[in-house]
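Single-structure report; data block below.
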Number of protein chains: 2
Amino acid sequence: MHKTLIDITNAATILKLLGDKTRLTMVKILDSHDCCVCEFVEIFKTSQPAISQHLRKLKDLGIVKETRRGQWIIYSLNKESEYYPLVQNILQHLPSQDFKLQELEKQGLRISCE
Amino acid sequence: MHKTLIDITNAATILKLLGDKTRLTMVKILDSHDCCVCEFVEIFKTSQPAISQHLRKLKDLGIVKETRRGQWIIYSLNKESEYYPLVQNILQHLPSQDFKLQELEKQGLRISCE
DNA sequence: TTATTATATAAGTGAATCGTTATATAAATT
DNA sequence: AATTTATATAACGATTCACTTATATAATAA
């Protein structure tokens, strides 16, 4: 099986970053659906700056990328990242978090960014 | 492929624990060789309490286990851990750290615990 | 039994981390 | 042009974390 070896210092940095429940859940959600900031704000019931700061860290390491769509900024997993294989491997061990998006849809909050 | 799903809160805890260069390197080394505390002290060139504290955290989560052998306590990976498959998966992405043990042997320091 | 060696624990300190509030920027709407 | 909506950044406080020094425990050797 192909495995890109990752320098242990960089690997520790990535794992530390993913070692936060909010960020780990974000990444798991992004694994199946792109999302904008406002959706995460609803999902995690925390402040918008807190969400932006988490996304910034993920973006700084190249784990996620952003695309502007009008006034919204859509985040997605960066599949070109050298860390993507590791991230994918980790995510396989986690249960789907899609129910969080489904709750949003029930409340009609997901549509806001589409 | 069998994957044991890990609750996302526990997964974040595990990843945070592995998100430290010293602990991650320890676990990678333990993946191929059992080690005692004094070896880690030499390898990481840090204090004995610092090493003991790292091992304590890994032990508390069940990632490593210990066996006393005379005055030494030998640490090894706990392959029965529910987190072992995840840990294994992560370690596959890391380059071998055996060279650190080999350096010890050159200095005749590894033999001390055998 | 005393000293030595290996390891663990406790307490304290400085740095890193995460959330908050306040403010800035940028696009869309009026 | 002014307002609103979405997002980012800055500054600060509380908590967490990893290390240090000092001390405790436990096995071995003298």
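Throughout, a chain's letter reflects where its sequence line sits, starting with A, and its residues are numbered from 1.
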Between [options], which one does the side chain of [X] approach most closely?
| X | options | result |
| --- | --- | --- |
| A/P49 | C/dA6, C/dT20, D/dT7 | C/dT20 |
| A/I73 | D/dT7, C/dA6, C/dA8 | D/dT7 |
| A/S52 | D/dA6, D/dA8, C/dG19 | D/dA8 |

Could you tell me whether the phosphate oxygens of [N], OP1 or OP2, come under 4.0 Å of any side-chain nitrogen or oxygen in [X]?
| X | N | answer |
| --- | --- | --- |
| B/T46 | D/dT20 | yes |
| B/S47 | D/dT20 | yes |
| A/Y75 | D/dA6 | no |
| A/K57 | C/dT17 | no |
| B/H54 | D/dC19 | yes |
| B/R56 | C/dT9 | yes |

Less than 3.5 Å between a donor and an acceptor, one on the side chain of A/Q48 and one on the base of D/dA6, is that the case here?
->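 Donor-acceptor pair under 3.5 Å: no.
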Evaluate the side-chain proximity of [Y] to [X]: yes if any heavy-atom separation is below 4.5 Å, no if none is.
| X | Y | value |
| --- | --- | --- |
| A/V64 | A/L77 | yes |
| B/I14 | B/I6 | no |
| B/N78 | B/Y84 | no |
| A/L17 | A/V27 | no |
| A/M26 | A/I51 | yes |
| B/C35 | B/L101 | yes |

Which pairs pass salt bridge (charged side-chain N to carboxylate O under 4.0 Å, His left out) with one or both residues in residues 56-68 of chain B, sequence neighbours excluded?
->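 Passing the test, one end in residues 56-68 of chain B: B/R56-B/D60, B/K59-B/E66, B/K65-B/E80.
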Verify, without hydrogens or angle tests, whether [X] (side chain) and [Y] (backbone) share a donor-acceptor contact under 3.5 angstrom.
| X | Y | result |
| --- | --- | --- |
| B/Q53 | B/A50 | no |
| B/Q97 | B/P95 | yes |
| A/K28 | A/L91 | yes |

Without decimals, in angstroms, what is the distance between [X] [atom1] and [N] [atom2]?
| X | N | atom1 | atom2 | value |
| --- | --- | --- | --- | --- |
| B/I74 | C/dT5 | CD1 | C1' | 14 Å |
| B/D60 | C/dT9 | CG | C1' | 12 Å |
| B/W72 | D/dT25 | CH2 | C1' | 18 Å |
| B/E39 | C/dT7 | CD | C1' | 14 Å |
| A/E66 | D/dT9 | CD | P | 8 Å |

Between A/R68 and A/Q53, just flag the one whose closest nucleotide in DNA chain C comes earlier from the 5' side.
->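 Nearer the 5' end of the strand: A/Q53.
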For DNA chain D, which residues in residues 8-30 of chain A have a heavy atom at a distance below 4.0 Å?
->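 Those residues: none at all.
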Are any protein N/O atoms closer than 3.5 Å to N/O atoms in nucleotides 28-30 of chain D? If there are, list each pair with its distance.
none

